[in-house]
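Reading through the structure tokens given below for one structure.
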Protein chains: 2
Amino acid sequence: MKAHILVVDDDPRITDLLRRVLAYEGYSVAIAVSGNEALNRSLERPPDLVVLDIMLPGLNGLEVAQRLRAAGDNVPILMLTARDAVADRVKGLETGADDYLVKPFAPDELVARVKALLRRSQEERHEVLRYADVELDTGTRVAHRGTREIELSPTEYELLQLLMKRPRQVLTREIILDRVWGMDFEGSSNVMEVYIGYLRNKLEAEGEPRLIHTVRGVGYVFKE
Amino acid sequence: MKAHILVVDDDPRITDLLRRVLAYEGYSVAIAVSGNEALNRSLERPPDLVVLDIMLPGLNGLEVAQRLRAAGDNVPILMLTARDAVADRVKGLETGADDYLVKPFAPDELVARVKALLRRSQEERHEVLRYADVELDTGTRVAHRGTREIELSPTEYELLQLLMKRPRQVLTREIILDRVWGMDFEGSSNVMEVYIGYLRNKLEAEGEPRLIHTVRGVGYVFKE
DNA sequence: GTTCCGTCTCAGGTTGATCTCAGTATCGCT
DNA sequence: AGCGATACTGAGATCAACCTGAGACGGAAC
């Protein structure tokens with residue numbers, strides 16, 4: 001649903017500004033203040049885009065970009081560079097950044113670039129999630145169980161994608177509600193249960209074994 | 001065959017610099033010092049890329065870009081903007097520029113961007129898109145369904161081309177609005193729906209099966 | 001000027017996704 | 001086994017998304 005953006009900078013003025021601006025645009029935002037923290041957060045919750053300052057304590061921005069790419073991550077990266085550090089910009093683009101912005105920048109411009117990058121990556125990044133005999137193609141948004149094709153509504157798709165991105169791992173109800181419905185509290189609704197039901201119906205329509213398992217009092221897991 | 005680049009700027013220092021640098025890289029270079037001259041030269045010899053200053057006597061850069069796009073020309077445009085004219089940059093990207101560079105810039109950087117843009121656009125030219133019993137010739141801009149010839153207005157063409165370039169893949173409304181109409185927000189217009197309707201009418205005029213499918217809440221797909 | 005064409009807006013109708021609710025089933029515990 | 005808490009299910013109401021036809025508007029061609 002809403003894209004997740006990781007902002008990496010050690011200047012609190014920048015991170016505060018970006019958190020506000022990006023949250024206002026409807027993105028969910030994570031902050032890291034060092035290169036190492038950035039890599040960790042990126043593992044915890046893989047972002048859809050990274051805003052990365054070049055000047056960082058410890059591991060610098062170029063190195064972070066390199067590590068991400070080396071690990072096979074092709075998340076779009078927007079680099080922030082100091083004014084006049086032209087050589088850096090060029091190097092940044094070569095190292096795997098997808099765009100850069102010169103500090104100081106106008107929030108409007110950052111937002112425009114972020115949107116453009118997300119659009120581009122959304123177009124190019126069609127991956128196929130697989131587990132057991134289930135496939136989910138993020139390009140066509142169609143699922144398969146064995147050879148059977150399964151059409152999904154937007155919400156069903158979001159939910160299945162979330163579960164399949166972390167197979168064998170239990171996702172709590174709080175996390176699911178937040179990621180799929182953007183609710184940050186557990187209110188008195190049972191939408192999630194209803195949609196789990198929809199997915200189970202579709203995935204087990206021909207009597208196949210259950211893949212979405214309930215973990216009572218906690219959440220759900222996708223596993224055999 | 002070396003690419004032809006049109007440089008539009010009224011500052012002789014800039015045009016001289018660019019002529020030298022680009023010629024050194026093996027491009028053929030034309031110069032225009034006003035918006036009107038740019039449009040004329042563009043007719044005389046259609047360039048493979050335009051480097052366009054925003055501040056121009058007479059017709060300004062944004063207007064030139066708009067005219068080119070309105071005439072159906074999708075030549076890549078690299079905008080030059082004065083430092084700090086942030087609003088212009090944003091507007092530039094919205095108006096149909098493909099990239100921009102802030103003055104003053106390093107020649108190396110300009111060359112890098114020019115190369116990137118040319119590479120991108122080269123992948124996109126003169127071909128015949130085919131899917132199922134539909135053909136779209138990007139040279140003549142005419143479509144066929146089976147043996148029936150279908151004429152398309154400029155907007156219809158853009159839309160169909162976008163869909164046919166990625167058959168079976170779901171294109172989000174956001175992406176479509178951006179690529180075809182240059183809107184970077186989802187406003188309260190339903191042009192896109194109207195044009196989807198036009199295309200469907202033309203493609204299914206003789207009762208053929210539907211190829212443009214709606215993906216509710218997401219966008220559209222071109223598939224059987 | 002008139003006509004034509006392409007584009008876009010608007011309003012009304014239709015469909016399909018989403019959510020709520022109430023009743024039922026299941027689980028884990030004593 | 002029996003109980004309370006938790007999860008599932010089916011049916012239907014609600015609401016947003018989408019489609020369509022008619023027409024306004026502007027620019028280009030005649």
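In what follows, chains are A, B, ... by sequence order, proteins preceding strands, each numbered from 1. Just the heavy atoms: all of them, side chains too, but no hydrogens, waters or symmetry mates, feed the values below.
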Is any NZ, NE, NH1 or NH2 atom of the basic residue among Arg173(A) and Glu193(A) found under 4.0 Å from an Asp or Glu carboxylate oxygen of the other?
yes
Between P of dA17(D) and CD1 of Ile196(B), the distance in whole Å
17 Å
Has the side chain of Asn190(A) got a donor or acceptor atom sitting under 3.5 Å from an opposite partner on the base of dT9(D)?
yes
Length of the line joining Met192(A):CE and dT18(C):P, which is rounded to integer Å:
16 Å
Atom CG of Asn201(B) and atom P of dG6(C): how far apart are they, to the nearest Å?
14 Å
Nucleotide dT15(C), atom C1' - distance to CD of Glu151(A) in whole Å:
15 Å
Is there a side-chain polar atom (N or O) of Thr155(B) under 4.0 Å from OP1 or OP2 of dT7(C)?
yes
Which value, rounded to the nearest 0.5 Å, describes the distance between Arg148(A) atom CZ and Asp133(A) atom CG?
9.0 Å
Would you mind reading off the distance between Glu158(A) atom CD and dT18(C) atom P, rounded to a whole angstrom?
10 Å
Between Glu193(B) (CD) and dG12(C) (C1'), how many Å, whole number?
14 Å
Which residue, Arg200(A) or Gly219(B), contacts DNA chain D at a nucleotide closer to its 5' end, judged by nearest heavy atom?
Arg200(A)
As a test of reading the structure: which of dT20(C), dT18(C), dT20(D) is closest to the side chain of Ser189(A), going by heavy atoms?
dT20(C)
Less than 4.0 angstrom between a side-chain N/O of Ser153(B) and OP1 or OP2 of dC5(C), yes or no?
no
Hey, which sits more toward the 5' end of DNA chain C by its nearest nucleotide, Leu152(B) or Arg216(B)?
Leu152(B)
Under 4.0 Å from OP1 or OP2 of dT18(C): is there any side-chain N or O of Trp181(A) that close?
no
Of Glu156(B), Glu151(B), Glu158(B), Glu135(B), which meets salt bridge (charged side-chain N to carboxylate O under 4.0 Å, His left out) against Arg141(B)?
Glu158(B)
Under 4.0 Å from OP1 or OP2 of dC8(D): is there any side-chain N or O of Thr214(A) that close?
yes
Just to confirm, is there a sub-4.0 Å distance from OP1 or OP2 of dC8(D) to any side-chain nitrogen or oxygen of Tyr220(A)?
yes
When rounded to whole Å, the OH to P distance for the pair Tyr157(A) and dA17(C) reads 16 Å
Can you measure Arg210(A) atom CZ to dT26(C) atom C1' for me and round it to whole angstrom units?
11 Å
Between Glu25(A) and Lys115(A), does at least one N-O distance fall below 4.0 Å, as a salt bridge requires?
yes
Contact under 4.0 Å: Tyr198(B) side-chain N or O vs dC5(C) OP1/OP2
no
Is there a side-chain contact between Arg173(B) and the phosphate of dC18(D), meaning an N or O under 4.0 Å from OP1 or OP2?
yes
Validation row: Val134(B), His144(B) side chains within 4.5 angstrom (heavy atoms):
no
